[in-house]
Asker: 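The structure is given below, and queries will be raised subsequently.
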Amino acid sequence: MTDRDAPDARRRFVSRALNILWIGSLTLTMQLWIGRSTIYAAERVTKIEAVHDMILTNTAPANGWGALGLNGVNVRVGAVYVAEAMHRLLHLSISRSYLLLDTVALFGALCLLRGYLRRFQPEPYALLGVAFVGTVLPLTYQLFYFHPWDRLSLFLWILLLGLLHRGRVLLAAALLPLAVAVKYDIMLLPAVYGIHNVLRDRRISALALRESAAMLALGFGTYVALNLLLPGGSAPAPILSQLSINIHDLRAMHLAYPPLLGFVIPIATAAIGFRRCDAWSQAGVLLGAALLVPLALRSNLAEFRAQMAILVLLAPASLAGVRNLTNDGKKSE
């Protein structure tokens, strides 16, 4: 290293250290202030430990999983097994194991998000993306008491998106079954790789099609295998019934409706930035829009934590839209 390089190296070190401190502060603010008054509250410990044991042993409650709002969660065993291992190895209570696991996963997810967005936009815009995610994170702690897979799943979504963006298909495929065992909606993530290749090349590449199809089959196959090994957990509400619930929630909550608060700005700026984006960012928008449909028909949209992956998919295009509004920069590379 020359004398001229030393100041640049110091600046990079200071910048990274400040980013880590900021993300750490954001994580602890969410976990220790909002989390401890919601999903980690002392009065919920008994319920959390009871559900943990049910999933760990695949033992349905007396009136079925649906009676506790837990349809389909018996196969989301990844985070439950990790928490159980932490409980046994570190001698932590189950509730503290989940708090620690969620804290590490959220910190890692925000760090990965900053690095992921930095591939598409300059540093200030990448940090703006992380800051916006920070503003909506409080929504992810509301409306239910047991969802230990969401922060770990968010970490895995960003990790796998980053790997596929770099073309590390085999490594992404190797991690995909583990990610599906944490939360199975991630089995659709490989579609972004196929969409990206079609948009980039303006044609359907046989190799990209095979790779995308193989990863989708691997993800779906893992989901099917989990349901065969751990049967009896899925009894979703009829589509019309679920749609009615979501419409009722929207009318009841008005401006407080979480998807409204979380998506108005990202969707608007993604629409503005769509034509300025690279093919990967455009693929993220298309997959994110497609994912909103099954979520609206099969889940409670008010529970915004389930939609955080869509926010990540929209983020590169959204930041391109922000740059367009500020007349800063050319088309994303």
Asker: Side chains of Ser95 and Arg44: is there a donor and an acceptor less than 3.5 Å apart?
Answerer: no
Asker: Assigning hydrophobic clusters by single linkage (Ile, Leu, Val, Met, Phe, Trp, Tyr; side-chain heavy-atom cutoff under 4.5 Å), is Val82 placed with Leu154?
Answerer: no
Asker: Could you tell me if the side chain of Asn300 sits less than 4.5 Å from the side chain of Gln242, heavy atoms only?
Answerer: yes
Asker: Is it true that the side chains of Tyr125 and Thr326 contain a donor and an acceptor less than 3.5 Å apart?
Answerer: yes
Asker: With side chain to side chain contact (heavy atoms under 4.5 Å, CB included) as the criterion, how do Leu291 and Asp185 come out once you've worked through the C-alpha distance, each side chain's angles and the decisive distance to 0.1 Å?
Answerer: CA-CA 9 Å; Leu291 287 177; Asp185 59 353; over 6 Å; no
Asker: Transitively linked via ILVMFWY side-chain contacts under 4.5 Å: Ile94 with Leu89?
Answerer: no
Asker: Distance from Leu301 atom CG to Ile245 atom CD1, nearest 0.5 Å?
Answerer: 11.0 Å
Asker: Pick out which of Tyr40, Tyr145, Phe146 makes a ring-ring contact (aromatic ring centres under 6.0 Å, His included) with Tyr98.
Answerer: Phe146
Asker: Distance from Leu230 atom CG to Ile55 atom CD1, nearest 0.5 Å?
Answerer: 10.5 Å
Asker: Would you say that Leu261 contacts Phe304 through its side chain, given a criterion of any heavy-atom pair below 4.5 Å between the two side chains?
Answerer: no
Asker: Consider only side-chain N and O atoms of Asp150 and Ser153, and report whether a donor and an acceptor are under 3.5 Å apart.
Answerer: no
Asker: Which atom pair, heavy atoms only, marks the closest approach of Lys183 to Ala306?
Answerer: NZ-CA, 3.7 Å
Asker: Do Leu297 and Leu243 have side-chain heavy atoms sitting under 4.5 Å apart?
Answerer: yes
Asker: Just say parallel, tilted or perpendicular for the rings of Tyr223 and Tyr184, cut-offs at 30° and 60°.
Answerer: tilted
Asker: Does any non-hydrogen side-chain atom of Arg151 lie less than 4.5 Å from one of Thr140?
Answerer: yes
Asker: Regarding Glu211 and Asn197, do their side chains bring together a donor and an acceptor under 3.5 Å, going by distance alone?
Answerer: no
Asker: If you count the non-hydrogen atoms of other residues, nucleotides and ligands that lie under 6.0 Å from CG in Leu240, is the total more than 12?
Answerer: no
Asker: Ignoring hydrogens, what is the shortest heavy-atom contact between Pro190 and Ser212? Give both atom names and the distance.
Answerer: O-OG, 4.1 Å
Asker: For Pro177, does its backbone N or O pair with a side-chain atom of Thr222 as donor and acceptor, under 3.5 Å?
Answerer: no
Asker: Name the orientation class of the two ring planes belonging to His165 and Tyr116 (parallel below 30°, tilted from 30 to 60°, perpendicular beyond 60°).
Answerer: perpendicular
Asker: Between Leu313 and Leu161, is the side chain to side chain contact (heavy atoms under 4.5 Å, CB included) condition met? List the steps.
Answerer: CA-CA 9 Å; Leu313 289 169; Leu161 281 170; 4.0 Å; yes
Asker: Can you get from Leu209 to Val192 by hopping between Ile, Leu, Val, Met, Phe, Trp and Tyr side chains that sit under 4.5 Å apart?
Answerer: no
Asker: With a 4.5 Å cut-off on side-chain heavy atoms, are Phe155 and Leu106 touching?
Answerer: no
Asker: Could you check whether any side-chain heavy atom of Leu99 comes within less than 4.5 Å of a side-chain heavy atom of Arg36, counting everything from C-beta outward?
Answerer: yes
Asker: Could you report the tightest heavy-atom contact between Ala83 and Leu101, atom names first, then the distance?
Answerer: N-CD2, 4.5 Å
Asker: What pairs with Trp157 under ring pair (Phe, Tyr, Trp, His ring centres under 6.0 Å), at least two apart in sequence or on another chain?
Answerer: none
Asker: May I ask you to decide if the ring planes of His196 and Tyr193 are parallel, tilted or perpendicular, using 30° and 60° as cut-offs?
Answerer: tilted
Asker: Going from CG on Leu188 to CZ on Phe220, what distance comes out if it is rounded to the nearest 0.5 angstrom?
Answerer: 10.0 Å
Asker: Tell me, do Trp149 and His147 make a side-chain contact under 4.5 Å, heavy atoms counted?
Answerer: yes
Asker: Of all heavy-atom pairs between Asn19 and Leu127, which one has the smallest distance, and what is that distance?
Answerer: OD1-CD2, 3.4 Å
Asker: What's the separation between atom CZ in Arg10 and atom OG in Ser15, rounded to the nearest 0.5 Å?
Answerer: 14.5 Å
Asker: I'd like to know if Val198 and Leu287 are part of one continuous hydrophobic network [Ile/Leu/Val/Met/Phe/Trp/Tyr, side-chain heavy atoms within less than 4.5 Å].
Answerer: no
Asker: Apply side chain to side chain contact (heavy atoms under 4.5 Å, CB included) to Gln142 and Arg305, showing your working.
Answerer: CA-CA 8 Å; Gln142 311 301 322; Arg305 62 185 179 276; over 6 Å; no
Asker: Are Leu250 and Ile267 connected, step by step, through hydrophobic side chains (Ile, Leu, Val, Met, Phe, Trp, Tyr) whose heavy atoms are closer than 4.5 Å?
Answerer: yes
Asker: Where the side chain of Asn227 meets the backbone of Val75, is there a donor-acceptor pair that is under 3.5 Å apart?
Answerer: no
Asker: What do you reckon, is CZ of Phe144 surrounded by more than 12 foreign heavy atoms closer than 6.0 Å?
Answerer: yes
Asker: Whether the side chain of Gln282 engages the backbone of Phe274 through a donor-acceptor N/O pair (distance < 3.5 Å, no angle test) should be reported.
Answerer: yes
Asker: Would you say that more than 12 heavy atoms from the other residues, nucleotides or ligands in this model lie under 6.0 Å from the CZ of Arg200, or not?
Answerer: yes
Asker: How close do Ile34 and Pro138 get, heavy atom to heavy atom, and via which atoms?
Answerer: CD1-CG, 3.6 Å
Asker: Answer whether the closest heavy-atom distance between the side chains of His52 and Val80 falls below 4.5 Å.
Answerer: yes
Asker: Do Val182 and Leu178 pass the side chain to side chain contact (heavy atoms under 4.5 Å, CB included) test, and can you show the C-alpha distance, the side-chain angles, and the key distance before you say yes or no?
Answerer: CA-CA 7 Å; Val182 172; Leu178 298 176; 6.0 Å; no
Asker: Working to the nearest 0.5 Å, report the span between CG of Leu189 and CE of Met215.
Answerer: 8.5 Å
Asker: What distance do Leu171 atom CG and Leu164 atom CG have between them, rounded to the nearest 0.5 Å?
Answerer: 9.5 Å
Asker: Where is the tightest heavy-atom contact between Tyr257 and Asn246, given as atom of each residue plus distance?
Answerer: OH-O, 3.7 Å
Asker: Are more than 12 heavy atoms, taken from residues, nucleotides or ligands other than Ile204, located less than 6.0 Å from that residue's CD1 atom?
Answerer: no
